[in-house]
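Written below as structure tokens is the structure these notes are about.
Residue numbers start from 1 in every chain, and the chains themselves are labelled A, B, ... in the order their sequence lines are given, proteins ahead of strands.
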There are 2 protein chains.
Amino acid sequence: MDFMKPETVLDLANIRQSLVRMEDTIVFDLIERSQFFSSPSVYEKNKFSIPNFDGTFLDWALLQMEIAHSQIRRYEAPDETPFFPDSIKAPILPPINYPKILASYSDEINVNDEIMKFYVEDIVPKVSCKEGDQLENLGSASTCDIECLQAISRRIHFGKFVAEAKYVNDKPLYIKLILARDVKGIEDSITNSAVEAKILERLVVKAQSYGVDPSLRFGTNVQSKVKPEVIAQLYKKWIIPLTKKVEVDYLLRRLEDEDKEVIDKYR
Amino acid sequence: MDFMKPETVLDLANIRQSLVRMEDTIVFDLIERSQFFSSPSVYEKNKFSIPNFDGTFLDWALLQMEIAHSQIRRYEAPDETPFFPDSIKAPILPPINYPKILASYSDEINVNDEIMKFYVEDIVPKVSCKEGDQLENLGSASTCDIECLQAISRRIHFGKFVAEAKYVNDKPLYIKLILARDVKGIEDSITNSAVEAKILERLVVKAQSYGVDPSLRFGTNVQSKVKPEVIAQLYKKWIIPLTKKVEVDYLLRRLEDEDKEVIDKYR
């Protein structure tokens with residue numbers, strides 16, 4: 001995806017290709033997380049007394065990462081959404097001046113709190129290799145968590161590009177739906193059940209392929225590092241619905257960033 | 001690997017299993033890096049003017065990560081070796097008090113400078129998708145570099161556990177070799193050509209399996225994200241020889257940490 005060329009970014013075929021590639025990253029990251037225990041201490045608020053900090057150990061570690069990454073311009077990119085938007089720092093590098101692709105309020109569409117919640121409550125217990133804490137691996141577990149959270153967040157917020165592309169491709173339809181606050185109509189217009197079924201199918205194959213040492217594949221008792229159905233469930237239950245929420249939230253506000261005469265034309 | 005139980009850590013079968021698992025991480029990380037351009041600006045000293053810093057952009061980004069990770073105890077673990085040992089910070093968590101597994105000088109065996117050099121000069125050009133800079137992805141490329149470097153460093157320095165296990169299993173042999181400063185003899189004793197050939201074979205299969213979208217596997221013109229032979233070469237040319245260097249360097253100093261009467265017995 002080349003954000004310097006807005007016309008390529010809003011091509012739905014390119015967006016789909018990026019989304020497919022992100023599946024690999026998410027599967028890889030969950031496989032890496034599966035090496036460690038569930039590590040509940042990492043997710044318990046103020047379990048460790050960290051000076052001047054109120055939150056979980058994971059929050060603190062993620063915040064450190066975001067501070068470092070913000071300085072190397074991570075959150076200037078339109079496809080990156082911080083978990084702590086109020087605490088990140090200014091880049092130490094000159095700004096990139098991305099061309100405008102998304103609406104000006106785009107950064108305000110941020111579902112990272114919901115991502116953190118389902119990830120900790122529903123995903124970690126299912127992908128970790130064993131229940132409980134393993135004191136010396138709390139740091140490793142949280143480092144993997146950060147990778148997983150960032151990859152999932154990028155995937156879900158990519159819905160903004162899908163929404164923008166659909167809006168630009170059919171302004172008459174969307175302006176009518178938005179003016180009517182027709183959430184159901186917007187949802188229907190962005191839903192493609194055949195594509196969703198295909199995603200789930202492909203994820204199972206990817207989890208099987210990437211999650212088994214291929215040199216052992218024909219042995220007996222070979223186990224996937226992460227259960228393929230857990231990854232399919234993650235998409236079905238969380239990633240696909242939250243992506244749609246991002247798309248709907250983005251579209252509902254889209255007229256804030258549209259010319260008055262264009263809106264009036266379809267009113 | 002459970003570092004709280006030294007007897008399991010020094011079991012060569014467990015060490016081998018860990019080394020095999022690390023191959024997956026290294027292959028995953030290189031595949032992630034392959035999404036980005038070679039990005040030479042990232043590796044050029046003082047290309048960007050970073051306040052109070054003398055080094056490359058990658059050095060700076062890696063240092064920020066190490067500072068954050070040191071605070072969550074990463075470098076207390078006996079299998080983690082920092083690239084900037086003089087700049088890391090004390091953990092904000094209570095210390096873990098690992099049982100002693102490696103010799104007391106173990107942290108001084110650090111080949112990270114060599115790892116950085118071959119990674120930047122030889123690996124990046126071969127795994128990146130295209131030659132040149134892509135301004136808006138310098139941060140992403142360096143973030144992937146950090147993952148690759150840390151995974152490769154962990155793999156190579158794991159040689160310390162191999163060396164310690166071999167030493168403990170055959171003190172008479174090693175004490176004689178060490179007293180005679182017989183580097184060639186030590187090298188021969190730690191080399192297993194059949195195992196090395198098997199590693200290279202397995203890596204090619206892993207790179208093929210993990211580097212291709214499995215749902216496309218039976219299409220035409222399917223390309224691996226990273227050339228399998230590049231990963232095999234990385235092991236053959238760099239990882240295996242440097243692991244041996246770590247083992248030899250570790251063993252050559254091993255008597256610094258041995259009882260005098262044990263040494264005298266085999267003198």
Side-chain angles (χ1 to χ4, degrees), chain A residues 2-4 20-21 23-25 27-29 31-32 35 48-51 53 57 60-61 63-65 67-69 71-74 76-77 80 91-94 96 98 134-140 142-143 147 150 198 201-203 205-217 225, chain B residues 2-4 20-21 23-25 27-29 31-32 35 48-51 53 57 60-61 63-65 67-69 71-74 76-77 80 91-94 96 98 134-140 142-143 147 150 198 201-203 205-217 225:
Chain A
D2 185 348
F3 291 118
M4 305 318 269
V20 170
R21 179 60 186 78
E23 293 164 5
D24 295 27
T25 300
V27 172
F28 286 171
D29 289 342
I31 289 171
E32 292 296 277
Q35 299 174 92
F48 303 98
S49 55
I50 305 176
F53 189 77
F57 179 67
W60 184 84
L63 175 59
Q64 304 315 305
M65 283 308 109
I67 288 174
H69 284 170
Q71 293 176 284
I72 59 174
R73 296 193 295 216
R74 180 173 191 143
E76 277 193 14
E80 293 285 353
I92 57 159
L93 299 179
I96 289 184
Y98 287 100
Q134 195 179 26
L135 193 63
E136 72 275 22
N137 281 330
L138 299 183
S140 306
S142 64
T143 301
E147 296 290 326
Q150 289 178 330
K198 223 180 153 106
E201 240 175 71
R202 191 173 51 230
L203 279 165
V205 180
K206 284 186 179 179
Q208 284 166 341
S209 299
Y210 304 155
V212 174
D213 183 331
S215 60
L216 303 174
R217 187 155 293 151
K225 299 183 188 97
Chain B
D2 185 348
F3 291 118
M4 305 316 270
V20 170
R21 179 61 186 76
E23 293 164 4
D24 295 25
T25 300
V27 173
F28 287 171
D29 289 341
I31 289 172
E32 293 297 277
Q35 299 175 92
F48 303 99
S49 55
I50 305 175
F53 190 76
F57 178 67
W60 185 84
L63 175 60
Q64 304 316 304
M65 284 308 109
I67 288 174
H69 285 169
Q71 292 175 285
I72 61 175
R73 294 192 299 216
R74 181 173 191 144
E76 275 193 14
E80 293 285 354
I92 57 160
L93 300 178
I96 288 185
Y98 287 100
Q134 195 180 26
L135 194 63
E136 72 275 22
N137 280 330
L138 299 183
S140 305
S142 65
T143 302
E147 296 291 326
Q150 289 179 328
K198 224 181 154 108
E201 241 175 72
R202 191 172 52 228
L203 279 165
V205 179
K206 285 186 178 179
Q208 284 164 342
S209 300
Y210 304 155
V212 175
D213 183 332
S215 60
L216 304 174
R217 187 155 295 149
K225 299 183 189 99

With chain A as the partner, which of [options] has the greatest number of non-hydrogen pairs under 4.5 Å?
options                     : result
B:R74, B:E32, B:R73         : B:E32
B:R202, B:E136, B:Q64       : B:E136
B:E23, B:E76, B:E201, B:Q71 : B:Q71

Go through the atoms of [X] and report whether side chain, backbone, both or neither lie under 4.5 Å from a heavy atom of chain A.
X      : result
B:Q134 : side chain
B:L138 : side chain
B:E147 : side chain
B:S142 : side chain
B:Q35  : side chain
B:V27  : neither

*asked:* So for A:S140, is it side chain, backbone, both, or neither that comes closer than 4.5 Å to the heavy atoms of chain B?
replied: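 For A:S140, there is no contact with chain B at all, as no heavy atom is under 4.5 Å.
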
*Kindly indicate whether the side chain of A:E80, heavy atoms from C-beta on, has any atom under 4.5 Å from the side chain of A:H69.*
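SC-SC contact between A:E80 and A:H69 ruled out.
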
*Would you say A:I92 and B:F53 make side-chain contact, with heavy atoms under 4.5 Å?*
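No. Closest side-chain heavy atoms not under 4.5 Å.
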
*Ring geometry between A:Y98 and A:F3 (parallel below 30°, tilted from 30 to 60°, perpendicular above 60°)*: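 Plane angle over 60°, so perpendicular.
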
